[in-house]
Amino acid sequence: MSASTLWRDRQAKKPIFWAQELLNSLFMSSETLDNLSSENRTFAPSPEFAAQANAQPGLYDEASRDGVAFWERQAEALLWDRKWDTALDWSNAPFAQWFVGGKINASVNALDRHVAEGHGGRIAFHFEGEPGDTRDISYAQLLTDVSKAANALTEMGITSGDRVAIYMPLIPEAAVAMLACARIGAIHSVVFGGFSADALLSRIQDADAKLVITADGGFRKGAAFALKPAVDEALKGETNVKQVLVVKRTGQETAWDDSRDIWWHEIVDRQHSTHTPEFFDSEHPLFILYTSGTTAKPKGIFHTTGGYLTQVAYTHKVVFDLKPKTDVYWCTADVGWITGHSYMVYGPLINGATQVMYEGTPDTPHKGRVFELVEKYGVTILYTAPTLIRTWMKWGEEFPNQFNLSSLRLLGSVGEPINPEAWIWYRHVIGGNRCPIVDTWWQTETGAIMISPLPGVTATKPGSAMRPLPGISAKVVDDNGVPVGDGHGGYLILDKPWPSMLRGVWGEEERFKETYWSRFEGIYFAGDGAKLDDDGAIWLLGRVDDVMNVSGHRISTTEVESALVSHEAIAEAAVVGAADAMTGQGIVAFVILRGGVEHVEGEELVKELRNHVAKEIGAIAKPRQIMVVNELPKTRSGKIMRRLLKDVAENRAVGDATTLADPNVMKLISEGLKSASSED
Ligand code: WTA
């Protein structure tokens with residue numbers, strides 16, 4: 001299929017995976033991408049929205065006149081104990097330093113400041129547990145909670161620079177734990193609660209964490225799930241963890257090690273309700289967050305304080321147009337991901353937002369749960385992911401239509417390309433055709449939003465993240481690093497340092513340079529394909545490396561492959577991300593069995609393998625399909641041609657259950673091989 005046919009089809013709203021297909025046609029065939037028409041529907045903000053917007057058109061010019069001075073003005077919105085001497089030191093590129101010499105405390109900016117300014121009574125979180133339990137937590141209360149937790153951490157011997165692993169359900173204590181670490185200068189490493197004990201262990205080891213903060217469990221899909229047993233299991237491995245701090249959330253039976261485990265309520269509740277903060281260097285590490293790369297070992301992306309806080313606060317204000325006195329903001333992400341860090345904890349709290357925090361799944365106890373909460377709390381700003389929007393589309397309009405969504409005034413999207421039909425549905429059904437949509441492109445590594453419309457300025461196109469934000473420089477380049485013209489595609493790069501950029505990969509300096517800075521000299525390589533339309537708007541097309549994007553979660557093909565081959569029955573495995581109507585991409589694995597090893601067969605084996613991957617990594621990495629094959633297509637040099645497997649995986653009827661040794665598979669593989677042999 002030619003790129004231009006694809007483009008027309010996309011406009012005809014046919015393939016839901018248009019972005020992936022376009023990406024394939026860009027990078028995986030000799031087709032050139034000519035004749036790209038641009039999306040012709042545009043949606044300008046209403047004059048009323050434009051007039052009241054935090055970000056006005058002049059912001060672009062202001063930032064382009066002097067980028068560093070622009071960022072200094074944004075940094076001035078924070079509370080510094082000592083002002084910086086130098087705004088940006090890029091002399092040791094790619095290791096940036098922002099606001100050098102400044103001293104700051106993240107937790108003071110998120111909490112103390114609002115209380116001091118008389119806003120202690122404002123609600124920080126409307127917490128809604130999945131079973132329906134609720135807590136309204138004011139800024140004053142949150143400051144007390146964080147102060148007590150900080151005192152408890154200090155009593156437990158945690159000091160500045162120590163690493164603390166946080167493995168929690170989405171409950172207020174997760175945010176309290178993060179802010180308490182930040183308050184005393186300890187570096188938090190949040191591990192998503194859906195990860196397995198093995199995944200938790202490797203992250204604890206890599207960061208050399210001293211303490212784990214967890215909960216007995218949480219609520220999901222109408223039932224209590226346990227978290228503490230995974231911590232117990234993980235800590236059977238070699239670690240320097242001395243203590244485990246456990247929040248009682250579900251009250252379920254929990255195995256206990258008196259020499260190591262401490263209940264949160266036993267140590268935190270009895271602490272002093274005030275805590276005198278220390279101020280840390282602007283470049284003091286704030287957190288580590290692991291993300292999948294192209295090898296089996298996740299990368300510990302680490303962020304520092306001053307620059308990170310500056311950019312998350314700025315972007316939260318201009319992209320979401322937050323009016324702290326009147327808005328109710330809801331980001332549906334989990335704290336285990338970067339979106340939860342930047343747009344549920346640090347950005348919104350620094351800006352004094354009132355937020356909704358919801359523990360559970362969107363279909364419990366019914367498929368209208370999110371809309372029910374929008375109505376209940378009068379949510380005005382909703383930030384979610386395309387995979388959820390597509391799920392809502394599948395469930396049908398009757399669920400949102402049962403609730404009053406008229407409080408909404410702005411909608412956001414993040415995590416993967418949003419296909420135009422989902423965008424239009426979001427705008428129409430959820431936003432009542434009155435809310436601007438901000439499609440925000442960014443990464444764990446960028447720390448904060450980089451490409452997005454400004455909601456009161458930009459006439460948006462469904463499916464495009466539009467333009468770099470004021471202060472950001474992003475380009476689309478060809479194989480030689482030369483910017484492509486409008487109407488052309490290539491690789492997305494960032495060619496100027498930005499305040500919230502990652503400062504490295506924890507303990508792996510070479511990997512940091514190699515992964516992000518070696519493709520093009522001095523330029524950050526994002527790993528995403530993109531194209532510019534005829535108006536210069538940016539369309540993200542998905543990953544160009546071996547990283548899959550499943551429901552907005554990054555999972556590396558190599559990571560899943562190595563989990564599979566760690567099973568005794570498997571000799572070799574190849575994993576690809578195949579277009580999936582609901583999750584963006586689905587994980588499809590091809591495996592070769594080991595001779596002479598006893599194992600179950602057929603459906604049983606597939607089930608066992610899927611569970612094995614869940615155990616090694618977590619349920620989110622379970623392959624959608626596993627196919628047993630006799631051979632994998634390889635180049636003469638022995639490299640598996642995943643691209644062909646991807647063709648096979650995508651030609652199959654989507655949604656079909658896992659299949660075994662389908663003779664058609666090999667036929668398709670060999671056919672694909674023939675037509676692609678010149679690309680070896
Ligand atoms: C993808 C999530 C298209 C992209 C904040 C990126 C997107 C990866 C968008 C980062 C978007 C994120 N449009 N693609 N609006 N937002 N992505 O680190 O492939 O979990 O490289 O950060 O998600 O995922 P991460």
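Note that this is a predicted model, so its numbers are computed, not measured.
Considering only residues two or more places apart in sequence or on other chains, Thr557 meets the side chain to side chain contact (heavy atoms under 4.5 Å, CB included) condition with Asp546, Met548, Glu561, Val575, Arg642. With sequence neighbours left out, the side chain to side chain donor-acceptor pair (under 3.5 Å) criterion links Ser196 to no other residue. For Tyr426, there are no ring pair (Phe, Tyr, Trp, His ring centres under 6.0 Å) partners two or more places apart in sequence or in a different chain. Residues passing the side chain to side chain donor-acceptor pair (under 3.5 Å) test with Tyr290, sequence neighbours excluded: Asp206. Residues meeting the side chain to side chain contact (heavy atoms under 4.5 Å, CB included) test with Ala174, sequence neighbours left out: Met168, Val335. Not counting sequence neighbours, the partners of Ala578 by the side chain to side chain contact (heavy atoms under 4.5 Å, CB included) test are Val588, Arg624, Ala649, Glu650. The ring pair (Phe, Tyr, Trp, His ring centres under 6.0 Å) search around Trp506 returns Phe302, not counting sequence neighbours. Residues satisfying the side chain to side chain contact (heavy atoms under 4.5 Å, CB included) criterion with Val429, sequence neighbours excluded, are Glu397, Pro400, Asn401, Trp425. With sequence neighbours excluded, no residue forms a side chain to side chain donor-acceptor pair (under 3.5 Å) with Ser562. Residues passing the ring pair (Phe, Tyr, Trp, His ring centres under 6.0 Å) test with Trp441, sequence neighbours excluded: none. With sequence neighbours excluded, no residue satisfies side chain to side chain donor-acceptor pair (under 3.5 Å) with Glu616. Taking Tyr358 as the reference, nothing meets the ring pair (Phe, Tyr, Trp, His ring centres under 6.0 Å) condition, with sequence neighbours excluded.
Arg511 has no carboxylate O lying under 4.0 Å from a charged side-chain N of Glu514, or vice versa, which leaves the two without a salt bridge.
Using a 4.5 Å heavy-atom threshold, the side chains of Thr440 and Tyr383 count as touching.
Nearest approach of Ala574 to Leu645, heavy atoms of both residues: CB-CD1, 3.5 Å.
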